[in-house]
Amino acid sequence: MSKPAGGRFFVTGALGHIGSRLIRWLPTRFPGAEVVMLDDLSCQRYCSLFNLPEAGRYRFVEADVVSADLRPLAEDAVVIHLAAITDATNSFANAERVAHVNFGGTQRVAEACVAVGAPMIHLSSTSVYGSQKALVDEDCPASELVPQSPYADVKLREESLLRTMRAERGLRHIDCRFGTIAGPSHGMRFHTAVNKFCWQAVMGLPLTVWRTALHQKRPYLALDDAVAAIGFIIERDLFDGQTYNVVSDNLTVDGVIACIRQYIPDLQIACVDAPIMNQLSYEVSRRKFIDAGFRFRGSLTESIGATLAMIAQGNGVDITIPRLTADAAARPFAANL
Ligand SMILES: NC(=O)c1ccc[n+]([C@@H]2O[C@H](COP(=O)([O-])OP(=O)(O)OC[C@H]3O[C@@H](n4cnc5c(N)ncnc54)[C@H](O)[C@@H]3O)[C@@H](O)[C@H]2O)c1
């Protein structure tokens, strides 16, 4: 297995939902590597730093990605840029701040990468799509890139910025459009519907489903697949400037609820008005990333089950997580291949 140059990783936003799993996983995949973690603690996820594995060589830097001196941190490292304001729904009320932190932060990280010659993994989102088509891919016409929130709009602008920096200044990067993450981590957040439903289900509360969204399909990404995808990119040195959808499966909200019902059959649903009136239903193809050699092995049902199990003790709920059979682990998801 090839190792990244210097065995060093610089992870921004390292204490968040994805980062807190990734920082624990990196030393198992790349033994002996140093993991430099930057976070401004704006999300208060101090607990993500608790009980890090002894095998890891960690260093935490409390700093704002928009103002910190990033060059020394990026030197000799693979840079994984996760720091962002990520609540898409609230980004309507918060658009300027989202642009400042997300676009400004991405620009500063990319500047540091260019200055020291470090490769950069940039996380975009499948929410950049606003397609009416059943299945959309990375090569879709611009008319199908219709971001549904200021958060998604900024993601698209970040992608464009990085392409320009690649062309003009030699940035080595990759853009990953992640689906909505499912699966627990030390620093997980609960403002995505799938996590909020898991919380409500365990607590015996009605699941608050947006009235318009029940039958809309959306792309999801098992957290296991998310960290494996980052490892795959590093091992393959896949900093080809391309955009890849990284999606475990596409599900309707109904489908997500069906997954939860497998563990907690007795669920109440409460339909509520949606703050974002997005009427679109679409599936996102993951074919391009599979063609690059990646195998998706994550299971949304299992990721949701693991999330429920993590919360369950708090409400005396007994959740049994079925182990994946070898067959299930190897099977490709039927959708969108
Ligand atoms: N989780 C998902 O469903 C999902 C889906 C698609 C894309 N993404 C993208 O993946 C990346 C990571 O997402 P996540 O779910 O882990 O997010 P998260 O909100 O859980 O974590 C983000 C982290 O960034 C930190 N942060 C925020 N502003 C900062 C700043 N100015 N300086 C330094 N740190 C700062 C926060 O404190 C937090 O710990 C983001 O770019 C997000 O847009 C996430």
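Keep in mind that what you see is a predicted model, and the values were worked out from it rather than measured. Both ligands and their constituent atoms are indexed starting at 1 by order of listing.
Considering backbone and side-chain N/O of V101, none are found under 3.5 Å from N/O of ligand 1. Where the criterion is an N or O separation shorter than 3.5 Å, residue side chain and backbone included, V66 fails it with respect to ligand 1. No N or O atom of H81 sits closer than 3.5 Å to an N or O atom of ligand 1. Between H17 and ligand 1, at least one pair of N/O atoms sits closer than 3.5 Å.
Between R211 and D273 there is a salt bridge, with a side-chain nitrogen of the basic residue lying less than 4.0 Å from a carboxylate oxygen of the acidic one. Contact check on E111 versus R169 returns a salt bridge, with a Lys/Arg side-chain nitrogen under 4.0 Å from an Asp/Glu carboxylate oxygen. The pair D87-R189 fails the salt-bridge criterion, with no side-chain N (NZ, NE, NH1 or NH2) lying under 4.0 Å from an Asp/Glu carboxylate O.
Between the side chain of K155 and the backbone N or O of P147, no donor-acceptor pair lies under 3.5 Å. In this structure, S281 contributes its side chain and K217 its backbone to a donor-acceptor pair below 3.5 Å.
When the heavy-atom distances from atom 27 (C) of ligand 1 to G179, A83, G13, A84 are ranked, the shortest goes to A84. Between the choices R21, M37, R189, the shortest heavy-atom distance to atom 14 (P) of ligand 1 belongs to R189. Of the listed options D40, T192, T180, D40 places a heavy atom closest to atom 33 (C) of ligand 1. Closest to atom 40 (C) of ligand 1 by heavy atom, among V247, L82, N102, is L82.
Among all non-hydrogen protein atoms, the one lying nearest atom 41 (O) of ligand 1 is K155 NZ, 2.8 Å. The protein non-hydrogen atom at the shortest distance from atom 8 (N) of ligand 1 is Y151 OH, 3.8 Å. When only non-hydrogen protein atoms are considered, atom 3 (O) of ligand 1 lies nearest to I181 N, 2.8 Å. Counting protein heavy atoms only, atom 38 (C) of ligand 1 is closest to D39 OD2, 3.5 Å.
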Open item on the list: Evaluate H100 against I85 for side chain to side chain contact (heavy atoms under 4.5 Å, CB included), listing each step before the verdict.
Closed with: CA-CA 10 Å; H100 175 70; I85 296 175; over 6 Å; no
Task: side chain to side chain contact (heavy atoms under 4.5 Å, CB included) between F289 and N245, worked out - done: CA-CA 7 Å; F289 202 46; N245 297 328; over 6 Å; no
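Side-chain contact check for H81 and T106: at least one donor-acceptor pair (N or O, by modelled atom type) lies under 3.5 Å. Of the N and O atoms on the side chains of E158 and S124, not one donor lies less than 3.5 Å from an acceptor on the other residue.
Within ligand 1, counting atoms from 1 as listed, the ones closer than 4.0 Å to a heavy atom of S42 are 26 (N), 27 (C), 28 (N), 36 (C), 37 (O). Of all the atoms in ligand 1, the ones that sit under 4.0 Å from a non-hydrogen atom of S124 are 6 (C), 7 (C). Residue contact check: V65 has heavy atoms under 4.0 Å from atoms 30 (C), 31 (N), 32 (N), 33 (C) of ligand 1. Close approach to D64 involves these atoms of ligand 1, each under 4.0 Å from a residue heavy atom: 30 (C), 31 (N), 32 (N). Heavy-atom proximity to L15, at under 4.0 Å, picks out these atoms of ligand 1: 39 (O).
Taking the ring centroids of F30 and F9, they lie under the 6.0 Å cut-off.
Residues T12 and L82 approach most closely at OG1-N, 2.9 Å, considering heavy atoms.
If you look at T86 next to ligand 1, the close heavy atoms, those under 4.0 Å, all belong to the side chain. Contact annotation for L38 and ligand 1: only side-chain heavy atoms (C-beta onward) come within less than 4.0 Å of the ligand.
A heavy-atom separation below 4.0 Å is not found between G105 and ligand 1. Heavy atoms of S127 come nearer than 4.0 angstrom to ligand 1 in no pair at all. Heavy atoms of A63 approach ligand 1 to within less than 4.0 angstrom.
One distance of note links OG1 of T307 with CD of E302; it measures 11.0 Å at 0.5 Å rounding.
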